[in-house]
Amino acid sequence: MNKWNQRHLEAADAGRVAHVLQEYPYLLPSSGRALDLACGRGANALRLAACNLEVSAWDISPVAIDRLRGEALEQGLEVAAEVRDVIACAPLADTYDVILVSYFLERSLAPAIIDALRPGGVLYYETFTRTSVSTCGPSNPAYRLADNELLNLFGALRVRCYREEAILGDTRRGIRDIAMLVAQKPG
Ligand SMILES: C[S@@+](CC[C@H](N)C(=O)[O-])C[C@H]1O[C@@H](n2cnc3c(N)ncnc32)[C@H](O)[C@@H]1O
């Protein structure tokens with residue numbers, strides 16, 4: 001069994017809703033199609049579905065997708081959860097009003113993610129930064145963002161919110177170790 005299946009099997013619940021979605025739910029459209037890319041057990045997908053969006057959720061782990069389907073059923077929410085390698089099978093162009101990616105960093109997918117947004121569509125992105133206060137997250141720096149990297153990766157979009165506190169000021173406060181972006185496709 002691969003690493004992710006094992007982790008998803010052992011986990012107690014659907015996981016945690018990303019900070020970026022907890023902080024900025026009011027920037028979501030009131031309806032439309034949303035994609036949770038590399039969704040894991042789908043806490044974000046479930047939250048998006050509860051916000052009246054028509055949600056697809058993809059992950060390479062069959063265990064994660066099984067658990068998400070079960071949780072959606074239990075909560076009475078509709079989520080089209082699918083086992084899918086999102087690198088081999090990227091989202092189609094011009095399809096989604098919202099794309100959310102949390103704690104999954106595959107830089108080569110950035111152009112496809114931008115293409116997959118409809119004009120006016122919104123990207124929510126959050127993951128670990130190399131500059132950090134704690135030791136949480138991947139130890140391989142390749143899987144962590146450089147300073148301001150999300151802004152460069154998604155430079156074709158209009159930034160609506162960006163937060164990356166690094167080690168500035170009182171590091172006991174704030175949301176550290178991550179960068180979060182909400183950005184909108186022009187048009
Ligand atoms: C750190 S978890 C994050 C899960 C979820 N987004 C969250 O924030 O809880 C990374 C996820 O990426 C998935 N993953 C890794 N490679 C993938 C790929 N090529 N295609 C789809 N999912 C992938 C793993 O199965 C895992 O569920």
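Just so you know, ligand 1 is whichever comes first in the structure, and atom 1 is the first atom listed for that ligand. Heads up: numbering here begins at 1 and tracks the sequence. All values below were derived from every heavy atom in this structure, side-chain atoms included, with hydrogens, water molecules and symmetry-related copies excluded.
Scanning Phe104, Tyr103, Phe128 for the heavy atom closest to atom 16 (N) of ligand 1 points to Phe104. Of the listed residues (Gly137, Cys39, Pro62, Ala43), the one carrying the non-hydrogen atom nearest atom 9 (O) of ligand 1 is Cys39. For the residues Val86, Leu109, Asp59, the heavy atom positioned nearest atom 25 (O) of ligand 1 is part of Asp59.
Listed by number with element, the atoms of ligand 1 under 4.0 Å from a non-hydrogen atom of Ser102 are 3 (C), 5 (C), 6 (N), 7 (C), 8 (O). Annotation for ligand 1: atoms under 4.0 Å from non-hydrogen atoms of Gly40 are 4 (C), 5 (C), 27 (O). Which parts of ligand 1 touch Ser61 is read off a 4.0 Å heavy-atom cut-off, strictly below it: atoms 25 (O). Below 4.0 Å from some heavy atom of Ile87 lie the following atoms of ligand 1, by number and element: 19 (N). Every atom of ligand 1 is numbered from 1 in the order shown, and the set under 4.0 Å from a heavy atom of Asp85 is 18 (C), 19 (N), 20 (N).
Assignment of Arg7 to the shell around ligand 1 is not supported, since no heavy atom sits closer than 4.0 Å. Ligand 1 is approached by Arg84 to a heavy-atom distance shorter than 4.0 Å.
For the 3.5 Å distance criterion, the side chains of Tyr124 and Glu126 fail to qualify, holding no donor opposite an acceptor.
Here Glu165 pairs with Arg163 in a salt bridge; the nearest charged N to carboxylate O distance falls below 4.0 Å. Taking the charged nitrogens against the carboxylate oxygens, Asp97 and Arg33 have no contact shorter than 4.0 Å, which rules out a salt bridge.
Below 30°, between 30° and 60°, or above 60°: for Tyr125 and Phe154 the angle between ring planes is between 30° and 60°, a tilted geometry.
Atoms CZ and CD1, from Arg107 and Ile113 in turn, are 12.0 Å apart once rounded to the nearest 0.5 Å.
Closest protein heavy atom to atom 22 (N) of ligand 1: Ile60 N, 3.1 Å.
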Requested in this report: Begin with the C-alpha distance, continue with both residues' side-chain angles, and end with the deciding distance and a verdict on side chain to side chain donor-acceptor pair (under 3.5 Å) for Asn52 and Ser31.
Outcome: CA-CA 6 Å; Asn52 200 40; Ser31 62; 5.5 Å; no

Report task. Kindly determine whether Arg160 and Gln184 satisfy side chain to side chain donor-acceptor pair (under 3.5 Å), including the steps that lead there. Result -> CA-CA 7 Å; Arg160 299 302 177 216; Gln184 188 176 21; 2.9 Å; yes

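Considering both main-chain and side-chain atoms, Ala38 comes within under 3.5 Å of ligand 1 through a nitrogen or oxygen pair.
Aromatic rings of Phe128 and Tyr103 (six-membered ring for Trp) have centroids within the 6.0 Å cut-off, being under it.
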